[in-house]
Amino acid sequence: MIAVPVDHAGARAALAELTPRTAALISGITTPARRVTGLEWTLAETAAHVVIGLRGYTDSLQGDIARWTHHIPESPGFRERLTGLTSSSLAEEPSRDPAVLGRRLVDAVDAFLEASAGRSPDQPVPTPWYAPGASLPLGAATCLLLGEQVIHGWDMARTLGRPWQVSREHALLMVGVITTMMPLAVDPEAARGVRAVYALHVRGGPGFVLRIDGGRAVIEPLGAQRIDCHLSGDPVSLAMVGYGRIGQWRAIARGGLLAWGRRPWLGLRMRGFFFNP
């Protein structure tokens with residue numbers, strides 16, 4: 001199994017660059033108790049979640065994971081563990097004041113970037129909230145934290161009716177972490193009995209193979225595999241569909257996704273094999 005290489009330095013720079021825009025968005029919220037479109041959280045809770053995620057990864061990187069493990073349910077399942085953590089851990093950030101949360105986002109990003117400075121992008125960062133004993137390489141974790149800001153920034157901006165562009169550069173950085181997450185986030189029930197080999201071609205980015213077999217998802221390098229379905233996608237469409245923020249048909253209609261091959265209809269099924277990250 002492989003994961004698409006990530007640009008750790010680029011992700012660090014992008015995280016630092018994006019944070020002031022996200023902090024300004026959060027600080028400008030005037031209705032913190034308003035529910036976010038498409039989510040169960042309020043605007044303030046969504047902002048708090050982004051702050052908490054940064055703190056969790058910073059603590060984990062520094063070997064101080066005990067603060068977070070008691071929030072994780074005993075279930076071995078990805079969905080149950082992640083849902084339990086995100087719900088329970090909201091209490092770790094008690095403020096729901098947008099101005100306070102905006103400042104705390106900046107502080108949390110600064111703390112993560114300081115803690116991770118000079119470390120190898122391949123250093124394992126424990127992530128027991130995904131599965132017992134799970135970890136992510138630091139480079140992938142950094143891209144994931146960038147993705148949290150990109151996606152939840154989009155969630156909050158859409159709710160507020162404000163513009164929030166997802167850039168091609170940020171989306172390319174997020175694609176690598178999608179491949180890292182696929183083996184963890186596969187829904188074994190949805191994928192049970194399915195045998196399919198996908199070749200995913202990221203426009204302007206990497207290509208890779210996704211193999212679904214026996215309820216598992218495996219990432220492989222492009223090679224001589226017998227491919228059932230080729231999927232070509234622009235990075236923004238892949239990121240937004242991958243995170244469940246836009247539907248496949250919307251991306252297809254805009255030319256963001258294209259499928260072909262021996263079994264092209266499998267392209268429409270692929271997203272359903274995974275939980276939302």
Between [X] and [Y], which heavy-atom pair has the shortest distance, and what is it?
| X | Y | value |
| --- | --- | --- |
| Ala108 | Thr58 | O-OG1, 4.4 Å |
| His230 | Gly261 | CD2-CA, 4.4 Å |
| Ala259 | Cys229 | CB-SG, 4.2 Å |
| Ala199 | Leu222 | CB-CD2, 3.8 Å |
| Asp7 | Gly10 | OD1-N, 2.8 Å |
| Gly84 | Pro73 | CA-CG, 3.8 Å |

Measuring from atom [atom1] of [X] to atom [atom2] of [Y], what distance do you get when rounded to the nearest 0.5 angstrom?
| X | Y | atom1 | atom2 | answer |
| --- | --- | --- | --- | --- |
| Met182 | Arg211 | CE | CZ | 14.5 Å |
| Cys143 | His8 | SG | NE2 | 8.0 Å |
| Arg263 | Ile227 | CZ | CD1 | 12.0 Å |
| Ile52 | Arg104 | CD1 | CZ | 10.5 Å |
| Leu85 | Tyr130 | CG | OH | 9.0 Å |
| Leu257 | Ile246 | CG | CD1 | 7.5 Å |

Would one find more than 12 heavy atoms of other residues, nucleotides or ligands at under 6.0 Å from atom [atom1] of [X]?
| X | atom1 | result |
| --- | --- | --- |
| Arg216 | CZ | no |
| Glu80 | CD | yes |
| Arg254 | CZ | no |

So does Pro126 get a backbone contact from the side chain of Ser60, meaning a donor-acceptor N/O pair under 3.5 Å?
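Yes, because the side chain of Ser60 sits within donor-acceptor range (under 3.5 Å) of the backbone of Pro126.
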Would a distance-only check, ignoring hydrogens and angles, find a side-chain to backbone donor-acceptor pair under 3.5 Å from Ser120 to Asp122?
yes
Is it possible for you to say whether [X] and [Y] belong to one hydrophobic cluster, with membership spreading through side-chain heavy-atom contacts below 4.5 Å?
| X | Y | value |
| --- | --- | --- |
| Val186 | Leu184 | yes |
| Phe275 | Val241 | yes |
| Val106 | Ile29 | no |
| Tyr243 | Leu268 | yes |
| Trp164 | Val236 | yes |

Set of residues satisfying side-chain contact (heavy atoms from CB on, under 4.5 Å) with respect to Ala196, sequence neighbours excluded
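Expected list: Val194, Tyr198, Asp228, Leu266.
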Do Arg55's NZ or CZ and the ring of Trp68 fall within the cation-pi criteria of under 6.0 Å and 45°?
no
Please assess Arg119 against Leu61 for the test side chain to side chain contact (heavy atoms under 4.5 Å, CB included), listing each intermediate value before the final yes or no.
CA-CA 10 Å; Arg119 297 181 187 248; Leu61 179 62; 3.8 Å; yes
So, are Asp155 and Arg245 salt-bridged, with charged N and O less than 4.0 Å apart?
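Salt bridge flag = yes for Arg245 with Asp155.
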Output yes when Arg67 and Glu92 qualify as a salt bridge under the 4.0 Å nitrogen-oxygen rule, no when they do not.
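Result for this pair is yes, salt bridge flagged.
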Stepwise ring pair (Phe, Tyr, Trp, His ring centres under 6.0 Å) check, Trp129 with Tyr57
CA-CA 11 Å; Trp129 41 83; Tyr57 273 94; 5.4 Å; yes
Min side-chain heavy-atom separation [X]-[Y] under 4.5 Å:
| X | Y | answer |
| --- | --- | --- |
| Arg158 | Val36 | no |
| Ile65 | Pro128 | yes |
| His71 | Leu90 | no |
| Leu15 | Val109 | yes |
| Trp154 | Ile151 | no |

List the steps, then state whether side chain to side chain contact (heavy atoms under 4.5 Å, CB included) holds for Leu210 with Met270.
CA-CA 10 Å; Leu210 166 67; Met270 190 187 79; 3.6 Å; yes
Please walk me through it: do Ile219 and Val209 pass side chain to side chain contact (heavy atoms under 4.5 Å, CB included)?
CA-CA 6 Å; Ile219 304 297; Val209 167; over 6 Å; no
For Leu144 and Leu136, run side chain to side chain contact (heavy atoms under 4.5 Å, CB included): C-alpha distance rounded to whole Å, both residues' side-chain angles, the deciding distance at 0.1 Å, then the answer.
CA-CA 10 Å; Leu144 185 68; Leu136 293 182; 4.0 Å; yes
Do Thr159 and Arg34 pass the side-chain hydrogen bond (donor to acceptor under 3.5 Å, both in side chains) test, and can you show the C-alpha distance, the side-chain angles, and the key distance before you say yes or no?
CA-CA 9 Å; Thr159 301; Arg34 181 178 176 182; 6.0 Å; no
Examine the side chains of Ser232 and Arg203 and answer whether a donor and an acceptor come within less than 3.5 Å of each other.
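Yes - a donor-acceptor pair under 3.5 Å links their side chains.
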How would you list, by chain and number, every residue that makes a ring-ring contact (aromatic ring centres under 6.0 Å, His included) with His49, sequence neighbours excluded?
Trp41, His152
